[in-house]
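A quick write-up on the structure given underneath.
Ligands are counted one by one from 1 in listed order, and the atoms in each one are counted from 1 as well.
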Amino acid sequence: MVALSVPAEVTVILLDIEGTTTPIAFVKDILFPYIKENVKEYLQTHWEEEECQQDVSLLRKQAEEDSHLDGAVPIPVAPENGTDDLQLMIQAVVDNVCWQMSLDRKTTALKQLQGHMWRAAFTAGHVKAEFFEDVVPAVRKWREAGMKVYIYSSGSVEAQKLLFGYSTEGDILELVDGHFDTKIGHKVESESYRKIANSIGCSTNNILFLTDVTLEASAAEEADVHVAVVVRPGNAGLTDDEKTYYSLITSFSELYLPSST
Ligand SMILES: CSCCC(=O)C(=O)COP(=O)(O)O
Ligand SMILES: [Mg+2]
């Protein structure tokens with residue numbers, strides 16, 4: 001087994017979810033199909049609710065920003081009257097969501113709606129989040145050693161809490177000191193990592209970020225965050241240059257804290 005020593009200045013471990021704590025297959029084969037199969041019925045059932053209207057407004061705003069993109073699906077302004085107008089509007093939102101998902105876009109608008117939709121699936125026990133088997137033991141060990149553990153995912157904070165609250169390992173929310181999503185900024189922008197450090201109250205070099213995506217690792221590194229790239233079954237392959245450049249781990253158990261024996 002390879003060992004990677006955690007630099008002594010690190011006091012915070014920041015974790016990505018998809019491809020790092022959780023198999024990509026769980027997200028792609030369970031969570032995303034749930035959205036595609038249920039989005040129309042969800043909108044029809046919850047349309048009048050404040051939360052749903054806020055989600056639609058955010059999606060409409062995003063659609064306006066995306067209007068220059070190839071294949072972008074516009075969302076018209078609220079219908080003035082009639083069931084037919086409403087059904088057309090709902091279909092436009094469905095088409096927009098499916099278009100965004102076909103590109104695996106990480107917009108806050110899409111992620112917010114997805115989080116709200118997954119709430120019913122998780123709380124009713126229809127879905128339980130999967131974590132790689134090394135994750136929970138390692139996180140417990142890090143916390144016992146005094147590390148703080150935070151999550152930074154494109155999935156909304158609400159969705160992150162569902163994953164940790166309703167998992168095959170039970171409710172493991174207490175293992176996490178805090179959550180960040182794209183509201184603080186996108187994961188491929190270094191400024192996001194500076195803002196996270198500021199919000200936690202530490203320096204960027206006190207953070208070790210674990211992710212499967214090298215563009216995210218590169219942005220974090222530019223902000224002086226320590227990074228390791230996590231190689232898991234089902235993750236996208238890395239180039240030879242990336243394999244040489246980044247510290248790689250295949251399990252959280254390969255990380256050694258300075259005090260570890
Ligand atoms: C945490 S919610 C489900 C995953 C998701 O929607 C997503 O976009 C995951 O992105 P990540 O930044 O965790 O790779
Ligand atoms: Mg990821």
Quick one: do the T107 and Q62 side chains pair a donor with an acceptor below 3.5 Å?
no
Do T182 and T108 meet the criterion of a side-chain donor-acceptor pair at a distance under 3.5 Å?
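Result is yes, a qualifying pair exists.
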Taking both backbone and side-chain atoms into account, decide whether D16 has an N/O/S atom under 2.8 Å from the Mg ion (ligand 2).
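Checking D16: at least one N, O or S atom is under 2.8 Å.
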For ligand 1, which part of F32 has a heavy atom less than 4.0 Å away: the side chain, the backbone, both, or neither?
side chain
Do F131 and F164 have ring centres separated by under 6.0 Å?
yes
How about F132 and F252: are their ring centres within less than 6.0 Å of each other?
no
Y152 vs Y193 aromatic rings, parallel, tilted or perpendicular, using cut-offs 30° and 60°?
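Rings of Y152 and Y193: perpendicular, over 60°.
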Judged on heavy-atom distance to atom 3 (C) of ligand 1, which of L31, D212, I24 sits nearest?
L31
Could you work out, for atom 14 (O) of ligand 1, the closest of L15, D16, L110 by heavy-atom distance?
D16
Test of proximity, [X] against ligand 1: N or O pairs below 3.5 Å:
| X | result |
| --- | --- |
| K187 | yes |
| S156 | no |
| E18 | yes |

Just to check, does W118 reach to within less than 4.0 Å of ligand 1 when the distance is taken from its heavy atoms?
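Yes; W118 lies near enough to ligand 1 that a heavy-atom distance drops under 4.0 Å.
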[X] heavy atoms, cut-off 4.0 Å: which ligand 1 atoms fall inside?
| X | result |
| --- | --- |
| S154 | 8 (O), 10 (O), 11 (P), 12 (O) |
| K106 | 7 (C), 8 (O), 9 (C), 10 (O) |
| A159 | 2 (S) |
| I17 | 1 (C), 13 (O) |

Name the closest protein heavy atom to atom 13 (O) of ligand 1, giving the residue it belongs to and the distance to 0.1 Å.
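In this structure, atom 13 (O) of ligand 1 has S153 OG, 2.7 Å as its nearest protein heavy atom.
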Nearest protein heavy atom to atom 6 (O) of ligand 1, by residue and atom, and its distance?
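That would be K111 NZ, 2.9 Å.
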What is the name of the N/O/S atom in E18 that sits closest to the Mg ion (ligand 2)?
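Relative to the Mg ion (ligand 2), the closest nitrogen, oxygen or sulfur of E18 carries the name O.
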With carbon and hydrogen excluded and only N/O/S kept, which atom of D212 is nearest the Mg ion (ligand 2)?
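It is OD1, the N, O or S atom of D212 closest to the Mg ion (ligand 2).
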Can you pull out every side-chain hydrogen bond (donor to acceptor under 3.5 Å, both in side chains) where at least one residue sits in residues 119-133? Sequence neighbours excluded, please.
E51-R119, R119-E158
Give the table of side-chain donor-acceptor pairs shorter than 3.5 Å for residues 215-223, with sequence neighbours excluded, one pair per line with atom names and distance.
unit_1: E216; atom_1: OE1; unit_2: K187; atom_2: NZ; d: 3.3
unit_1: E216; atom_1: OE1; unit_2: T211; atom_2: OG1; d: 2.7
unit_1: E221; atom_1: OE1; unit_2: Y245; atom_2: OH; d: 2.8
unit_1: E222; atom_1: OE2; unit_2: S190; atom_2: OG; d: 3.4

Test: R194 and E191 ion pair at under 4.0 Å:
yes
Spell out, as yes or no, whether a donor-acceptor pair under 3.5 Å connects the side chain of N235 to the backbone of V231.
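Checking the backbone N and O of V231 against the side chain of N235, no donor-acceptor pair under 3.5 Å is found.
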Sidechain-backbone polar pair: S199 side chain, K195 backbone, donor-acceptor under 3.5 Å
no
